[in-house]
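First the structure, in the form of structure tokens, and then the observations on it.
Order of appearance sets the numbers: ligands from 1, and atoms from 1 within every ligand.
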Amino acid sequence: MIITIDGPAAAGKGTVSKVLAERYKLAYFDTGMIYRAVGLEMVLSGFDLSNEARALEIANHMTFEKIMALSTHKDFRSDIGGQAASKVSAITSVRQALLKMQQDFALNPVFADGTKANGVIYDGRDTGTVICPNADIKFFITASMEVRAMRRYKEFAAKGIDTTYQKVLDDMISRDKRDQERQSAPMKPAEDTIILDTSDMDADAEIKAVLHIVEQKIKSAE
Ligand code: C5P
């Protein structure tokens, strides 16, 4: 089974992806991590984020091992990592270089320990539209900008990351704009996706709603 979950930052994609992965024994592929890895490597190497040749070179040599190593860096999840990811992900050649790695994962999905999974849950911006257009179930999870910024601000505060609500909100506005307006694979719901607005939902309500839809889909496919 392949499930795709797309949508903007802090809409609730990660929360629900992890629950679905656990329940249906699916390998969880957080595709944003690849762009964060490329973006952070650019920052750490001192390259300008608009330098396409350098970004493409890094993307061409990106591996799962490198992503895991970079993910322990303090800025991987910070707004520095987020902005860097957003900038390199707007470069068409970089997206193309990272396409096969994402698509190939569904051919032989495995968990981190190498054991076989029943399928994949993709989390990203273009996984239902570009990476896996033939997915069994597609979601586009969203929420209002203010709700998403407050959620992300609280996550940062809990991790001790020094920032303000306004900074998080500004970062989100610019990332959403770049993600929606880029030429290659702009963030948008796939035609056959299920759109879920979680603005008025807590995590439990969101999980309940998604599980209900997935169970219905599985039953109707039997
Ligand atoms: O999901 P996350 O916030 O980790 O993603 C970081 C950035 O990577 C996003 O703001 C977006 O610009 C980019 N991204 C993308 N396509 C994906 C996943 C992430 O362009 N499938």
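A heavy-atom distance below 4.5 Å is found between the side chains of Arg95 and Arg182. For the pair Ser86 and Asp179, the minimum side-chain heavy-atom distance is below 4.5 Å.
Protein residues are said to neighbour a ligand when one of their heavy atoms lies under 4.0 Å from it; for ligand 1 these are Thr31, Gly32, Tyr35, Arg36, Arg77, Ala85, Ser86, Ser89, Arg95, Gly124, Arg125, Asp126, Arg175, Asp179, Arg182.
For the side-chain hydrogen bond (donor to acceptor under 3.5 Å, both in side chains) test with Lys138, the passing option among Asp192, Thr4, Thr193 is Asp192; the others fail.
Rounding to the nearest 0.5 Å places OG1 of Thr198 at 9.0 Å from CZ of Arg148. Taking OG1 from Thr31 and CG from Leu98, the interatomic distance works out to 10.0 Å, rounded to the nearest 0.5 Å.
If you look at Phe105 and Tyr28, their ring centroids are not closer than 6.0 Å.
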